[in-house]
Structure formats: structure tokens, C-alpha cells
Amino acid sequence: MSIHVKGLKMQPQVIATTPFEGQRPGTSGLRKKVGVFRQPHYLENFVQAIFDTQTDVAGGTLVVGGDGRYYNREAIQTILRMAAANGVKRALVGRGGILSTPAASCVIRKYRTRGGIILSASHNPGGPDGDFGIKFNIAAGGPAPESVTDAIFARTQTIREYRTLDCPATDLDELGTVRIGDMDVEIIDPVSDYAELMESLFDFNAIHQLFNSGIFRMRFDAMHAVTGPYAKEIIETRLGAAPGTVLNGEALEDFGGGHPDPNLAHAKELVAMTEGPDALDFGAASDGDGDRNMILGKKCFVTPSDSLAVLAANAHLVPGYRAGIRGVARSMPTSQAADRVAEQLGVECFETPTGWKFFGNLLDAGRITLCGEESFGTGSDHVREKDGLWAVLFWLNLLAVRQQSVSEILAEHWRRFGRNFYTRHDYEAVDATAAEGLMDHLRILLPGLAGRQLGEQTVRYADDFAYTDPIDGSRSERQGIRIGFESGARIVFRLSGTGTEGATLRIYLEFFEPDPERHLQDTQEAMQPLILIARELAQIEARTGRSEPDVVT
Ligand code: G16
């Protein structure tokens with residue numbers, strides 16, 4: 001069979017291939033160095049495994065887009081050819097191949113498509129020597145659950161051939177519809193559907209007035225990543241913030257050589273702008289693909305865990321959530337600040353493994369409205385991904401309505417609920433065997449820990465976190481080591497599922513302080529006793545050769 005389009009002959013092809021090792025999706029899709037993805041057939045094998053296992057995508061509409069990083073355009077051309085050859089009827093593609101991760105989720109849901117393929121390695125650096133990634137999102141708009149990613153992985157291990165079309169590249173920069181094979185490719189504006197959704201949730205008039213007041217100064221750091229065009233359109237054009245409010249707003253393939261991770265270590269310039277005599281009132285940043293967020297006030301950093309708790313406690317002040325929230329969920333290593341809010345509001349609170357995919361069922365079932373993770377992720381039932389700009393707009397809406405500063409809102413929150421001091425220490429690119437050894441060592445210790453005295457703390461429980469999804473009963477084990485103390489303090493040890501070099505050891509530390517007199521202590525100082533317990537218990541220096549963490553947030 002050959003298909004004629006606009007005089008072009010498009011030849012469906014079946015290409016023989018052999019499996020690659022290691023195509024198991026991690027916390028959020030398959031992430032590898034660009035060089036790995038560029039090997040002949042590497043991307044194709046994974047994409048064919050998606051089509052082979054997600055058979056209902058054929059015959060329907062598929063969303064395709066990415067964060068614009070190096071290799072994004074090439075990968076999209078490959079996916080479009082393969083989608084056409086695999087029977088997909090229509091592809092919705094963001095202009096320039098761009099769709100932020102939350103915008104992709106929004107488009108998947110709005111147009112009732114069969115799912116989407118999102119190209120991103122999120123906050124990991126980009127460029128020819130940087131990282132690339134691919135993941136499949138289901139029709140509900142969220143990352144595929146483990147049952148789906150397991151099936152895709154299994155398929156990659158037995159794959160023998162893939163289908164593609166021999167056809168020229170599609171013009172990704174022109175809005176409108178073109179046809180390749182039997183598939184329509186619709187190039188859509190990547191921003192407008194998402195911006196419309198944001199307008200339906202937040203009080204844009206109130207935020208507009210805040211910007212017009214002349215006394216409120218903010219900057220949003222797009223980190224040369226995908227949120228640049230979204231933030232310019234929403235914050236500057238629709239909300240009327242002064243031009244220049246969005247920093248680093250031009251999306252670049254290598255993020256300008258930076259590390260597009262909105263945290264205290266990688267968004268230093270912005271942090272500096274919220275300190276000193278000329279400090280901004282509000283600073284915010286998002287990551288490579290637009291799903292993470294960092295919130296800063298004048299001389300004040302809002303931990304993502306606190307941010308979730310504050311949004312939950314104040315949701316009734318925001319139009320989209322005026323009716324109240326149904327429940328809250330947080331990932332296991334996220335602080336328990338949100339639990340205290342849920343308890344006072346009388347709504348359910350869930351503790352899930354790390355990974356946004358674990359919120360999907362709870363959101364779909366209407367059991368939760370808001371969810372968040374310590375890894376700078378916050379979101380709600382408006383899409384099925386965490387959403388960086390959404391969180392920024394939520395905070396702006398609160399600042400406009402409450403007419404208080406970020407630090408006043410936080411201080412009031414802590415007075416009402418108590419403060420969960422929280423920090424995360426990351427040891428990056430650790431030798432993988434040493435990191436596994438450290439986790440195994442902890443697992444061996446677990447059964448004997450309950451009741452033991454460590455420093456000033458008495459262990460109440462120690463386990464390797466396992467989760468049974470309350471909606472479909474699926475079970476996920478070995479999701480991180482939790483050590484809970486009688487005082488309410490916790491230490492969690494986990495290996496990252498998103499790194500591409502060696503292993504990243506994450507240590508999450510938390511303690512509860514009800515006394516407002518003690519709420520303004522320095523976090524790292526206040527955490528010292530717990531930090532020491534963690535280092536000794538896990539024998540970090542002896543096992544990894546590291547005496548200090550690489551990143552502290
Ligand atoms: C991904 C997931 C998040 C998860 C984060 C951290 O974020 O989507 O749900 O919390 O990884 O994972 P890890 O601790 O395993 O590195 P993103 O922003 O990279 O997609």
C-alpha cells in the first residue's frame with residue numbers, strides 16, 4: 001500500500017529492530033542522556049512499545065508535545081511518522097513542538113483524546129550532552145499508572161519491529177492542519193487552552209488590581225524553559241504585570257546552559273532578588289517542563305510542603321475552589337503539614353508514593369481536590385499533572401485577596417496549625433552499588449528500630465513504605481524508608497527515580513514545632529540533631545565517601 005498526499009508518496013515501512021536494555025520508565029517516564037536516545041531505533045522501540053500496548057490510541061487522537069529541549073523537534077517528527085503508520089487518526093501538536101507538561105494534560109482532557117506523548121526530562125539539564133525523556137499520559141490526562149508502564153517496558157524487551165512512514169518532516173511552526181498518511185496533524189497554539197483554564201480558576205481581576213497597585217513587585221523566573229511563553233501571556237499580557245516581570249522568558253534548547261530546577265540551589269539569582277534592602281514582594285520559578293514551582297516572599301522561602309498546606313487552608317478564597325476541597329494527598333516524603341489542615345477541615349488526607357501518577361486515581365474518583373509533593377510539585381483536579389504556573393497564580397490570588405505578605409500568611413498559618421520544619425538533603429551521582437548497599441543496610445536495621453533511642457529521639461516506627469491504592473487495590477512496595485519518632489519527627493531515605501547518572505540519595509527530614517515562639521528558627525540549625533541521626537544511621541560518609549550533601553532545599 002502507498003498513500004498519496006499533496007503529490008507526496010508516503011510509504012509505510014516495517015523496520016526490523018532488536019530490544020535495548022534498560023527502557024524501564026522511572027518515577028516519570030523514560031529519562032536518559034540525549035546520546036542514548038539518539039542511537040538508531042532507541043526512541044522508535046519505546047514509541048512502538050507504547051502503540052503495541054496502548055492499542056486504543058490507534059483510531060483516535062493523540063497529543064504530542066514537549067518542553068522544547070534539545071532533540072524535541074527530531075523526536076516529534078519520529079513520533080508523528082510512527083503514529084500515522086500505527087493508525088492514529090489525528091495528532092494535536094503544540095506549535096514548535098512545545099507543550100508544557102500541565103498544558104499537555106489540559107489539552108488531552110479538553111479534547112477528550114486517547115492520551116498523549118510528552119517529551120521532557122523535566123528539571124534535568126538539556127543540550128546535546130544533557131538529558132531527554134519521554135512518557136505516555138493516559139486519556140484522563142495523567143502519567144500512565146505502573147500497570148501501563150510495566151506493560152510498555154515488557155514490550156520493549158521483546159520488540160522485533162516498528163512501523164513508520166517514509167515521508168518528509170512536518171512543519172511544526174505553522175498553525176493549522178496538515179495530513180501525513182491517513183493522519184491529520186493539527187498544529188495548535190500551545191498556550192491558549194491552558195491560559196483559558198487558568199482564567200476559569202482564578203480571580204484575574206483581583207490579581208490585575210494587585211499588579212496595578214504600584215506597591216507590589218514580583219518576578220517570575222522561567223529559567224529559559226517552557227513556561228516562558230505561558231508566563232508572558234498570562235502574567236504580563238492577561239494580568240497586566242509590567243513587562244520584564246518574567247525573567248529568562250525565552251525558551252532555549254539547552255535552557256541557556258542552566259539547570260532548570262526551581263529550588264534554592266538552582267534559582268539563586270531569583271532568591272537573591274527576594275533578599276536585601278530592595279527585596280521583591282514575591283518571587284516564583286518553574287522548571288524545564290513547567291510542572292514544578294518555587295514560591296518566595298520577601299526574605300522568605302515557602303517549602304513545597306508548606307505551600308500545599310497553605311493552599312489547602314485557603315482554597316475557599318479562590319473562585320475555582322470556593323465550594324471547598326474534598327480531600328488532600330501528599331507524597332510520603334512530603335511533610336505532614338497538609339495532614340494538619342485536612343484534619344481541621346475534616347477532609348480525607350492520603351499519603352502516596354513519590355510520583356504524580358499515584359494521585360491520578362484519587363483525583364479521578366473525586367476523593368481529593370489538591371495534591372502536592374516536596375519536590376516542588378503542587379496541583380489540583382484541574383489537570384492530572386502538577387502545575388507550576390497554576391501554583392504561582394494560586395498564590396497571587398491569595399496575596400490579592402488577603403492583602404498580606406507571603407511571610408505574614410505563612411506566620412499566621414503556623415500559628416494556627418503549628419510548623420513542620422522540613423528540609424531535603426541530596427547526594428547526587430553517588431556510586432549506584434554503594435547507594436543500593438546503603439538502602440539495604442537500612443532495610444536490615446528496620447525490624448530492630450522501634451523503641452530504640454537515637455540521639456534525643458525515640459523511634460516509634462520504621463518501615464519500607466508500601467502503598468495500596470484505595471481505588472484499584474494495586475500495590476506498590478519498597479517506596480522509601482520511613483523512620484518515625486515519638487515526637488512526630490521523621491527521617492525518610494529514598495533513591496531518586498529520575499536521575500540519569502549513578503544514584504541520587506535523598507534524605508528528607510522533618511519535625512513538628514507547635515510553639516510560635518520557636519517558628520522563626522533557622523531550618524538547617526534546628527534540623528542538626530536529626531541530620532546527625534540520619535548520617536550516622538545510614539553510614540553515609542563511610543558508604544558514599546561524601547561528607548556533605550550536594551543540594552540542600
Ligand atoms: C518527577 C515526578 C514527581 C516526583 C519527582 C521526584 O518529577 O513527576 O512526581 O516527585 O519526579 O522524583 P525523584 O525523587 O524520584 O527524583 P518531574 O518534575 O521530574 O517530572
Side-chain angles (χ1 to χ4, degrees), residues 24-32 66-67 69 100-102 104-105 118-126 130-137 141-146 149 223 225-227 255 259-263 266 285-294 304-305 307-308 329-335 351-360 362-363 371-379 383-391 424-430 435 439 465 467 476 478-481 492-508 549-551 553:
R24 180 188 280 286
T27 311
S28 183
L30 183 67
R31 288 187 192 166
K32 302 280 178 195
D67 62 10
R69 68 176 59 224
S100 77
T101 295
S105 184
I118 302 179
L119 303 161
S120 167
S122 187
H123 53 288
N124 295 4
D131 290 352
F132 192 74
I134 176 169
K135 68 174 179 174
F136 177 69
N137 276 31
E146 278 185 337
T149 54
M223 304 188 91
V226 79
T227 45
F255 311 118
H259 194 140
D261 198 357
N263 62 32
H266 297 303
S286 189
D287 69 331
D289 63 331
D291 57 1
R292 297 185 172 205
N293 74 90
M294 176 170 69
S305 299
S307 182
L308 173 65
R330 61 164 174 84
S331 68
M332 182 273 281
T334 304
S335 98
E351 181 177 44
T352 59
T354 294
W356 206 261
K357 59 194 170 205
F358 292 104
F359 296 135
L362 295 168
L363 290 163
C371 42
E373 297 185 281
E374 49 66 40
S375 53
F376 294 82
T378 333
V383 289
R384 293 293 181 274
E385 289 279 2
K386 57 185 180 277
D387 190 343
L389 261 178
W390 168 90
R424 184 177 107 183
H425 287 198
D426 292 344
Y427 295 78
E428 293 180 339
V430 171
M439 294 299 283
F465 181 58
Y467 177 68
S476 304
R478 291 167 73 96
Q479 296 295 323
I481 286 171
V492 172
F493 298 89
R494 232 190 109 246
L495 296 185
S496 158
T498 59
T500 56
E501 261 182 81
T504 295
L505 170 67
R506 303 204 196 284
I507 303 174
Y508 313 80
D550 299 282
V551 179
T553 49

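Given the structure is predicted, the values throughout are model-derived calculations rather than measurements. When a residue number appears, it is its place in the shown sequence, counting from 1. Whatever order the structure lists them in is the order used to number ligands and atoms, beginning at 1.
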Single hit among Asp426, Asp261, Thr504 for side chain to side chain contact (heavy atoms under 4.5 Å, CB included) with Val551: Asp426
Going by salt bridge (Lys or Arg N to Asp or Glu O under 4.0 Å), Glu385 matches just one of Arg292, Lys357, Lys135. Which one? Lys135
Can you measure from CZ (Phe376) to NZ (Lys386) and round to the nearest 0.5 angstrom? 12.0 Å
Looking at Ser28, which atoms of ligand 1 are within less than 4.0 Å of one of its heavy atoms? 1 (C), 2 (C), 8 (O), 20 (O)
Heavy atom of the protein closest to atom 15 (O) of ligand 1 (residue, atom name, distance): Gly497 N, 2.5 Å
Provide the number and element of each atom of ligand 1 under 4.0 Å from a heavy atom of Trp356. 9 (O)
Salt bridge (Lys or Arg N to Asp or Glu O under 4.0 Å) assessment of Glu373 paired with Arg330: CA-CA 6 Å; Glu373 297 185 281; Arg330 61 164 174 84; over 6 Å; no
Ignoring hydrogens, just give me the one of Leu495, Asp261, Asp426, Thr498 whose non-hydrogen atom is nearest atom 12 (O) of ligand 1. Thr498
So for Ser496 against ligand 1, with non-hydrogen atoms under 4.0 Å, the contacting part is both
For atom 9 (O) of ligand 1, the closest protein heavy atom turns out to be Glu373 OE1, 2.5 Å
Looking at atom 7 (O) of ligand 1, what's its closest protein heavy atom, distance included? Lys386 NZ, 3.0 Å
Around atom 17 (P) of ligand 1, find the nearest protein heavy atom and jot down its residue, atom name and distance. Ser122 OG, 3.1 Å
Please evaluate residues Asn124 and Thr498 with respect to the criterion side-chain hydrogen bond (donor to acceptor under 3.5 Å, both in side chains), reporting the C-alpha separation (whole Å), side-chain torsions for both, the decisive distance (0.1 Å), and the verdict. CA-CA 9 Å; Asn124 295 4; Thr498 59; 5.1 Å; no
So which bit of Thr504 gets within less than 4.0 Å of ligand 1, heavy atoms only: side chain, backbone, both or neither? neither
For atom 5 (C) of ligand 1, tell me which residue out of Glu385, Arg292, Lys135, His123 has the closest non-hydrogen atom. Arg292
Quick one: does Ser331 get a heavy atom under 4.0 Å from ligand 1? no
May I ask you to list the atoms of ligand 1 that are less than 4.0 angstrom from any heavy atom of Gly355? 9 (O)
Please work out which of the three classes, parallel, tilted or perpendicular, describes the rings of His259 and His266, given edges at 30° and 60°. parallel
About how many Å separate OG of Ser122 and CG of Asp291, when rounded to the nearest 0.5 Å? 5.0 Å
Could you find the nearest protein heavy atom to atom 20 (O) of ligand 1 and give me its residue, atom name and distance? Arg31 NH2, 2.9 Å
Arg494, portion touching ligand 1 at heavy-atom distance under 4.0 Å: side chain
Do Glu146 and Phe358 have side chains that approach each other closer than 4.5 Å (heavy atoms only, starting at C-beta)? yes
Could you tell me which non-hydrogen atom of Gly372 sits nearest to which non-hydrogen atom of Thr334, and how far apart they are? O-OG1, 3.9 Å
Using a strict 4.0 Å cut-off to heavy atoms of Thr354, name the atoms of ligand 1 that fall inside it. 4 (C), 10 (O), 12 (O)
State which residue, out of Met332, Arg424, His425, fulfils the side chain to side chain contact (heavy atoms under 4.5 Å, CB included) condition with Tyr508. Arg424
Would you check if there is a donor-acceptor pair between the side chains of Asn293 and Thr378 at a distance under 3.5 Å? yes
Which atoms of ligand 1 have any heavy atom of Arg506 under 4.0 Å away? 13 (P), 14 (O), 16 (O)
Can an N or O of Glu374 be found at a distance shorter than 3.5 Å from an N or O of ligand 1? no
